[in-house]
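Structure, as structure tokens:
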Protein chains: 2
Amino acid sequence: MDTGDVPSEVLPGRATLVSVAEAAGVSRQTVSNALRAPGKVAPDTLERVLAAVEELGYRPSLAARQLRTRRSRTLGLRLEHWGGGISGSVLDRFLHALVDEAQDREHRVVLFTADDDAGEVAGYDELLTTAQVDGFVLTSTHAGDGRTAWLAGRGVPFATFGRPWPDDDAPAGPAEAAHCWVDVDGAAGTRAATEHLLATGHRAPAFLGWPAGSGTGEDRRRGWAEALDAAGVPARERRELAVPESTAAAASAVAAALEAPGAPSAVVCASDTLALGARGAAARHRAALEVVGFDDTPVAAAIGMSSVAQPLAEAAHLVVDLLVAQVETGGAGPPQTCQHLLAPRLVVRSSPA
Amino acid sequence: MDTGDVPSEVLPGRATLVSVAEAAGVSRQTVSNALRAPGKVAPDTLERVLAAVEELGYRPSLAARQLRTRRSRTLGLRLEHWGGGISGSVLDRFLHALVDEAQDREHRVVLFTADDDAGEVAGYDELLTTAQVDGFVLTSTHAGDGRTAWLAGRGVPFATFGRPWPDDDAPAGPAEAAHCWVDVDGAAGTRAATEHLLATGHRAPAFLGWPAGSGTGEDRRRGWAEALDAAGVPARERRELAVPESTAAAASAVAAALEAPGAPSAVVCASDTLALGARGAAARHRAALEVVGFDDTPVAAAIGMSSVAQPLAEAAHLVVDLLVAQVETGGAGPPQTCQHLLAPRLVVRSSPA
DNA sequence: ACCACTGGTTTGAACGATCAAACCGAGGCC
DNA sequence: GGCCTCGGTTTGATCGTTCAAACCAGTGGT
């Protein structure tokens with residue numbers, strides 16, 4: 001009690017810049033500087049201020065900061081309804097990794113839902129104008145994606161998990177396709193799976209994928225075909241099945257293939273959902289069929305099935321990196337390397353029985 | 001252009017209360033009233049103001065509002081890592097419904113991650129002091145849950161998806177257990193499943209659950225036992241298996257049961273993950289085993305398996321309701337009915353082959 | 001005439017942070 | 001001495017909203 005200055009009531013409200021300031025005997029701005037630009041404040045003052053911060057347990061109010069700086073340190077994400085299939089856990093795990101990464105960079109993730117792309121754009125607008133969200137993460141990119149154009153059109157930072165797939169109709173101007181994205185090299189994954197099967201004695205692994213039209217599906221099919229090309233497997237020995245993303249559909253297609261002459265001894269699948277069906281069909285036919293799935297879902301681990309694992313944590317890390325970089329440069333041109341194609345990893349498991 | 005009043009620059013910044021006010025020729029507070037308390041403003045003024053709001057596309061800044069009102073209209077949720085099993089999609093679907101409901105009530109959902117309960121509490125603290133989150137949604141309640149005590153201790157609104165399970169050690173003071181929760185009546189679900197199997201000619205459906213100790217598991221087991229009690233099935237005919245949440249573990253346990261004398265013709269499972277294993281074992285044994293799962297995951301639908309569906313949308317609706325009610329009464333006592341036990345629904349499917 | 005009251009509106013202040021400019025003592029230089 | 005620079009600090013203004021009080025004309029009671 002050297003000065004007659006008694007610290008003001010601290011019981012009801014949270015510690016604020018001013019309360020810390022008067023506790024340390026400095027002005028509010030000095031406290032701010034001590035935290036955000038420690039170099040600008042004298043060493044002994046700094047020490048005193050930090051002690052007061054610690055003492056009072058001061059934490060800055062994000063609302064106040066946001067009001068002044070017009071930054072929210074918040075990223076928006078549409079939470080989509082991954083209806084059928086078991087591969088939903090991919091986006092689920094991606095989300096987890098994303099929140100983790102954002103947290104490390106002192107950012108928050110807010111979710112919203114929408115029924116379609118138009119609703120999603122409405123959601124962007126809403127969050128931008130009311131909550132001043134700094135940027136968005138987009139998933140499930142597809143051909144003719146109107147969302148990226150809308151965002152790019154008004155200079156909103158965003159990054160997609162999934163590369164932009166070529167639009168058949170509009171021949172994609174060079175500027176449009178130049179946004180930031182992170183994706184996993186599906187072809188590399190199926191190529192590795194196929195090479196593994198070839199190396200373990202299977203003459204001509206079949207491919208079980210989706211009907212044409214999906215960029216992701218085409219990508220994964222390509223890896224299989226390339227591996228067979230490299231191994232010199234003639235076209236007439238190649239078996240290729242295309243079914244919708246459904247275990248039942250996969251099972252019946254594979255059952256038919258097993259009954260036909262020249263039945264495959266192994267099959268590379270575009271998803272664990274399909275792979276699950278393939279294994280079911282094989283079990284019912286008591287056929288020895290080696291199955292490799294895609295996405296390495298918990299189900300694959302549970303039933304001891306080989307599968308291609310996507311580096312989701314790494315992808316999330318990069319997405320957040322790209323996004324934060326854009327926000328910080330303030331729309332002054334995207335960073336140099338703005339597109340990342342990550343290599344997946346084949347997880348080999350010995351299928352029991 | 002009747003008055004010489006030219007509207008100020010609107011190009012760079014967003015519309016604000018003041019800009020709308022001067023466009024409508026009133027004061028900022030009148031605009032605020034027009035939107036938040038339309039009864040307090042004269043009809044013709046109201047019309048003029050609303051027109052200006054529409055015209056300029058005004059949307060209130062949440063940061064500014066939050067700064068003044070100390071409400072963020074935001075709910076926090078720890079996103080947990082539902083490692084193994086396929087039943088993660090339950091929390092996934094719950095999350096989707098939750099965001100949907102929150103959106104309807106003009107609330108946002110922010111996520112965070114934590115490694116354990118202690119970290120989760122730290123996350124609460126962080127969000128409370130910096131982001132002024134209004135309340136929290138808790139999932140995966142368990143015995144001896146320290147999180148609820150912490151939150152209740154400082155009067156933070158929260159609601160749990162999952163009832164509070166009795167703590168063996170501490171005999172749960174009456175005040176502690178009195179928080180808001182929503183849960184699904186697991187016993188009712190397994191009871192319905194068992195009754196269905198009994199009605200379709202199965203003498204004594206077995207139960208495949210988890211090792212003792214889990215409140216949820218015990219709950220689901222009870223429904224099965226009650227149904228057998230009601231049907232007068234003697235104890236010696238009852239088969240009960242307990243394995244960890246893993247398809248493989250379930251498969252081997254069921255395989256053993258099928259080989260033993262008095263093998264069951266049907267089995268009620270505590271999760272789809274377990275059910276998946278049971279079906280796999282039955283298929284390998286070429287045994288006719290009727291399996292009912294729990295959670296009605298997409299996998300169950302995909303392979304045509306009966307399962308008990310939880311009313312997740314309804315649960316999410318109630319959770320948001322309870323939470324918003326608490327926030328609005330400002331901690332002045334929780335609402336009257338603060339606990340809800342919802343009835344699940346049995347989805348019967350004809351398993352193909 | 002005076003006062004109380006009412007519906008509708010405006011004005012002032014505050015929330016808590018940051019940016020920008022002002023300030024101030026200590027040197028250094030001419 | 002006068003003037004400029006410089007590190008360190010303070011003061012003023014601002015972001016956009018809401019609360020609280022003030023204001024103001026009109027009405028009715030006494």
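Chain A is the first sequence line, chain B the second, and so forth, proteins listed ahead of strands; every chain is numbered from 1.
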- Task: Would you confirm whether Gln103(B), through its side chain, and Thr113(A), through its main-chain N or O, come within 3.5 Å as a donor-acceptor pair?
- Result: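 Between the backbone of Thr113(A) and the side chain of Gln103(B) there is a qualifying donor-acceptor contact (under 3.5 Å).
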
- Side-chain donor/acceptor of Glu55(A) to backbone N/O of Leu50(A), under 3.5 Å: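 No; judged by distance alone, with no hydrogens or angles, the pair does not exist.
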
Mind calculating the distance between [atom1] ([X]) and [atom2] ([N]) to the nearest angstrom?
X: Gln66(B); N: dG16(C); atom1: CD; atom2: P; answer: 11 Å
X: Arg70(B); N: dC19(D); atom1: CZ; atom2: C1'; answer: 13 Å
X: Asp44(B); N: dG8(C); atom1: CG; atom2: P; answer: 10 Å
X: Tyr58(A); N: dG16(C); atom1: OH; atom2: P; answer: 10 Å
X: Leu67(A); N: dT14(D); atom1: CG; atom2: C1'; answer: 9 Å
X: Gln132(B); N: dT17(D); atom1: CD; atom2: P; answer: 17 Å
X: Arg68(B); N: dG16(C); atom1: CZ; atom2: P; answer: 10 Å

Which nucleotide in [options] has an atom nearest any side-chain atom of [X]:
X: Gln29(B); options: dT9(C), dC19(D), dT17(D); value: dC19(D)
X: Ala42(B); options: dG16(C), dG8(C), dG16(D); value: dG8(C)
X: Arg65(B); options: dG12(D), dA17(C), dT18(D); value: dT18(D)
X: Ala64(B); options: dA20(D), dT18(C), dT17(D); value: dT17(D)
X: Asn33(A); options: dC15(C), dG16(C), dT9(D); value: dT9(D)
X: Ser61(A); options: dT9(D), dT17(D), dA17(C); value: dA17(C)

Please state whether the phosphate of [N], meaning OP1 or OP2, lies under 4.0 angstrom from any side-chain nitrogen or oxygen of [X].
X: Thr45(A); N: dT9(D); answer: yes
X: Arg36(B); N: dT18(D); answer: yes
X: Ser32(B); N: dT18(D); answer: yes
X: Thr30(A); N: dG8(D); answer: no

- Confirm from the modelled atom types if Arg59(A) and dG16(C) form a donor-acceptor pair under 3.5 Å, side chain to base only.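 For Arg59(A), whose side chain was compared with the base of dG16(C), there is no donor-acceptor pair (under 3.5 Å).
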
- Query: Can you find an N or O donor on one side and an acceptor on the other, under 3.5 Å apart, linking the side chain of Arg28(A) with the base of dT10(D)?
  - Reply: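 Checked by distance alone, the answer is no.
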
- Message: On DNA chain C, compare the nucleotides closest to Ala63(A) and Leu46(B); which residue's is nearer the 5' end?
- Response: Leu46(B)

- Message: Heavy-atom nearest nucleotide on DNA chain C for Lys40(B) versus Thr69(A): which residue maps closer to 5'?
- Response: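 Residue closer to the 5' terminus by nearest nucleotide: Lys40(B).
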
- Item | Among Arg73(A), Glu101(A), Arg105(A), the one residue meeting side chain to side chain contact (heavy atoms under 4.5 Å, CB included) with Val324(A) |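 So the option named by the test is Arg105(A).
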
- Sole residue of Leu322(A), Val327(A), Val133(A) in side chain to side chain contact (heavy atoms under 4.5 Å, CB included) with Pro157(A): Val327(A)

- Query: Val26(B) near the nucleic acid: base, sugar-phosphate alone, or nothing, with a heavy-atom cut-off under 4.0 Å?
  - Reply: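 Counting heavy atoms under 4.0 Å across all strands, the contact made by Val26(B) is with sugar-phosphate only.
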
- Item | Test applied, ring-ring contact (aromatic ring centres under 6.0 Å, His included); reference residue, His179(B); option that passes from Trp150(B), Phe136(B), Phe158(B) |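 That would be Phe158(B).
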
- Query: So, Asp117(B) versus His142(B): side-chain donor-acceptor pair below 3.5 Å or not?
  - Reply: yes

